[in-house]
Amino acid sequence: MDDSSPTDKPLNFIQQVIKDDLQSAVLTEVVTRFPPEPNGYLHIGHAKAICVNFGLAEEFDGICRLRFDDTNPDKESDEFVQAIIEDVRWLGFQWQGEVRYASDYFGQLYDWAVVLVNVGKAYICELTPEQTREYRGSLTAVGKNSPYRDRPASESLALLEQMRTGAIAEGLMTLRAKIDMAAANINLRDPVLYRVKRVPHHRTGSEWSIYPSYDFAHGQEDAIEGVSHSICTLEFADHRPLYEWLIDNLPVPAKPKQYEFGRLNLNYTVTSKRKLRQLVEENIVDGWDDPRMPTLSGLRRRGVSSTAVREFCDSLAVAKTDGTVDMAQLDHFIRHDLNDNAPRAMCVLNPLKVTLTNWAPGQVETLTAACHPNREALGNRELPFGGTLYIDRADFSDDTTLSRKKFKRLVLGQWVRLRSAYVIKADGVVTDESGETIEIIASIVPDTVGENPPEGIKPRGVIHWVSAEHSIDCEVRLYDRLFSEADPDGGGKNFLDCVNPQSLEVLQGCKAEQSLASATPEDHYQFEREGYFCLDSHSSSKDKPVFNRTIGLRDNWQQKK
RNA sequence: UGGGGCGUGGCCAAGUGGUUAAGGCAACGGGUUUUGAUCCCGUCACUCGGAGGUUCGAAUCCUCCCGCCCCAGCCA
């Protein structure tokens, strides 16, 4: 927390503020909060906010709460609340105390609204929504006062009470702060504090007919909870003066301060709840947790670990610039964690039969393979080896002119190493009527398991395989980026027009090694030479496993021309 | 044309007047390798949006200019 810490990373501007506050004894405890609105699922951008808020609390020995900003029942639901709670847990964060809700404070907020009316700093306005907009003025023109601005407090109070009890229809009245209709900051032009919404709320039911606006709720909630540093994204910077005005004009128990940082943008995807919801509602994806979605539930279903998400977030800057991070940076952390921790296995995506002519019929040899090339602790697995195998179609060629450098796989008449097993030679092929290779006739080189082949036999490379008799059939889903454009909604484009038509490729009849039969959706595997995979949590069944490709292996071998 | 915020290599980003402008991602060379993976080594900004100015000395201070983002919901 101070210079004695081993952290060599420079402090970001918020850490600096906190450090200064602590040193000058402005505060004794750091209290932060993650305040999502339960109107959708959390996405990778929220992960950054979560990591920032929980991270700061942890770093400075403070606390961080989880609080739902549920002030708009039109868009919110318990389904979203539950999904968000699960996502925060999955990321590995534990909030202080019970989950909080803005709706816990509706009573207090209402009392404070009454206070404001009583001191002449709020009034009931009966302008229609259209009139309200007109009266507000524009970016360059000042607004003008509402004709209701100076009505007696007693009158506003009576009306507010009627609004609360449901006697007023939606759109007829609002409670507005009396600030300054000529303010350069539009948020200060008598902002709406309460509006009528005669819809049931997912927590308070039909108890309320009015709901506080974001501005009237957020800062006061922070104050009630003793939040010391209220961290939000850049677009709220314009609201800060209003946040402070309310805190200063209300008998709140604390004076939290708001700080804004740049939200995370990622290329080749969208991080806006509105757009994500559209993808879901228009069935462009398979739901909020479709593996192509940048939602936390989508990433999780795809097989991305929470560690990867956290490390990615920690690699991001907390600053006031709003840039767009390259998806490759997320990919890096996904691979980094999986490479370290995912057990290896083999799965043939596009099977091509291989018949061994010098293998005794019916004979099965059980080979052993390490689950990880450089982590013995992950143990070994058994690999049955029989006379009929499958290798990937892409790993065989009958073009003998291919250079060894260009094609490090099996070529007709030549040798290749089967990973963790024998070296084999392709002696011939069987083709169908159309001339396509449907089977390879091959032979093993004896005594080559874990041993180099005799002089003169030079395998071109190492390929993965599976024993036909012992493999299990499975479906494999290969995912690609959801959008084919780096900036799907830039330059006046409609992001829906940029959806990548090849973002999902489904492979049937894939052959996985036996050990994969016991996979669960929580397990992550590396299918050697292919990438990282996990069992799909929705579509898999005992007799038909479905694997999602989390991400492919890095592929550096650009063909040279 | 009002207000707020921001501009450092392809991307993200340290840097808050003083030797050769951190680091990560990407890219590109090379080494190791029974995964074309991992790992390892190396290369990659005479320059900090632009132009002036202050100073012995500036990405860091001043002036003007240019560009980008956000704000006119009874959304958050």
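Letters go in sequence order (proteins before strands), and every chain restarts at 1.
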[N] phosphate, OP1 or OP2: any side-chain N/O from [X] under 4.0 angstrom?
{"X": "R375(A)", "N": "C39(B)", "value": "no"}
{"X": "K197(A)", "N": "C75(B)", "value": "yes"}
{"X": "R195(A)", "N": "A76(B)", "value": "yes"}

What interatomic distance, in whole Å, is found between [atom1] of [M] and the corresponding atom of [N]?
{"N": "G31(B)", "M": "U20(B)", "atom1": "C1'", "value": "28 Å"}
{"N": "U60(B)", "M": "A21(B)", "atom1": "P", "value": "15 Å"}
{"N": "G23(B)", "M": "C44(B)", "atom1": "P", "value": "12 Å"}

For RNA chain B, the residues among residues 267-278 of chain A that have a non-hydrogen atom under 4.0 Å from it: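 Result for residues 267-278 of chain A: none.
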Ordered by number, residues from residues 449-466 of chain A within less than 4.0 Å of RNA chain B (heavy atoms) are V449(A), G450(A), E451(A), V462(A)
Should the pair R67(A)-E221(A) be classified as a salt bridge under the 4.0 Å nitrogen-to-oxygen rule?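 Looking at R67(A) and E221(A), the cut-off is met.
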With sequence neighbours left out, write down each residue that passes side-chain hydrogen bond (donor to acceptor under 3.5 Å, both in side chains) with [X], or none if nothing qualifies.
{"X": "R164(A)", "result": "E161(A)"}
{"X": "D395(A)", "result": "R409(A), R529(A)"}
{"X": "Q15(A)", "result": "N12(A), E59(A)"}
{"X": "K121(A)", "result": "N249(A)"}

So what does R335(A) touch, heavy atoms closer than 4.0 Å: a base, only the sugar-phosphate, or nothing? nothing
Presence of donor-acceptor pair under 3.5 Å, side chain of [X] and base of [N]:
{"X": "R240(A)", "N": "G4(B)", "answer": "no"}
{"X": "N556(A)", "N": "G36(B)", "answer": "no"}
{"X": "R554(A)", "N": "U38(B)", "answer": "no"}
{"X": "Q526(A)", "N": "U35(B)", "answer": "yes"}

Summary of side chain to side chain donor-acceptor pair (under 3.5 Å) pairs that have at least one residue in residues 173-186 of chain A, sequence neighbours excluded: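 For residues 173-186 of chain A, and leaving out neighbouring residues, there are no side chain to side chain donor-acceptor pair (under 3.5 Å) pairs at all.
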Side chain to side chain donor-acceptor pair (under 3.5 Å): pairs with one or both residues in residues 321-332 of chain A, sequence neighbours excluded: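 Qualifying pairs: S315(A)-Q329(A).
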Assess K197(A) against Y211(A): is NZ or CZ under 6.0 Å from the centre of the six-membered ring, and within 45 degrees of the ring's axis?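 Here K197(A) fails the 6.0 Å and 45° test against Y211(A).
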Would you tell me whether Y101(A) and D69(A) have side-chain atoms, one donor and one acceptor, within less than 3.5 Å of each other? no
Could you check whether R481(A) and T269(A), counting side-chain N and O atoms only, form a donor-acceptor pair closer than 3.5 Å?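 Not at all, the side chains of T269(A) and R481(A) share no donor-acceptor pair under 3.5 Å.
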Residue set satisfying ring-ring contact (aromatic ring centres under 6.0 Å, His included) with H464(A), at least two apart, ordered chain then number -> none
Taking ring-ring contact (aromatic ring centres under 6.0 Å, His included) as the definition, give me every residue that meets it alongside F312(A), ordered by chain and number, with sequence neighbours left out.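 For F312(A) there are no ring-ring contact (aromatic ring centres under 6.0 Å, His included) partners, ignoring immediate neighbours.
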Consider the side chain of D555(A), meaning its heavy atoms from C-beta on, and name the nucleotide among C70(B), A72(B), G36(B) that approaches it most closely.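 Of all the options, the side chain of D555(A) is nearest to G36(B).
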Please tell me which of the listed nucleotides, C74(B), G3(B), U35(B), lies nearest to the side chain of P129(A)?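 From the listed options, C74(B) comes nearest.
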Per the ring pair (Phe, Tyr, Trp, His ring centres under 6.0 Å) rule, which among F527(A), Y390(A), Y422(A), F385(A) passes with W465(A)? F385(A)
Assigned glycosidic conformation for G23(B) [threshold 90° from 0]: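 Here the answer is anti: the torsion falls beyond 90° from 0.
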Would you find more than 12 non-hydrogen atoms of other residues, nucleotides or ligands less than 6.0 Å from H202(A) atom NE2?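 Buried by this count: over 12 neighbours within 6.0 Å.
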Is it the case that over 12 heavy atoms from other parts of the model lie below 6.0 angstrom from the CD atom of Q16(A)?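 More than 12 heavy atoms, drawn from other residues, nucleotides or ligands, come within 6.0 Å of this atom.
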5' priority, RNA chain B, between T140(A) and N374(A) [closest heavy atom]: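 Final value for this comparison: T140(A).
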On RNA chain B, more 5' by nearest nucleotide between T321(A) and D340(A) is T321(A)
For RNA chain B, which consecutive runs of 3 or more Watson-Crick or G-U pairs (each distance under 3.5 Å) count as stems? B:2-7 with B:66-71, B:10-12 with B:23-25, B:27-31 with B:39-43, B:49-53 with B:61-65
Report all interatomic pairs (protein N or O, nucleotide N or O of nucleotides 19-24 of chain B) with separations under 3.5 Å.
unit_1, atom_1, unit_2, atom_2, d
G24(B), N2, Q329(A), OE1, 3.1

Would W557(A) count as stacking on G36(B) if stacking means ring centres less than 5.5 angstrom apart and planes tilted under 30 degrees? yes
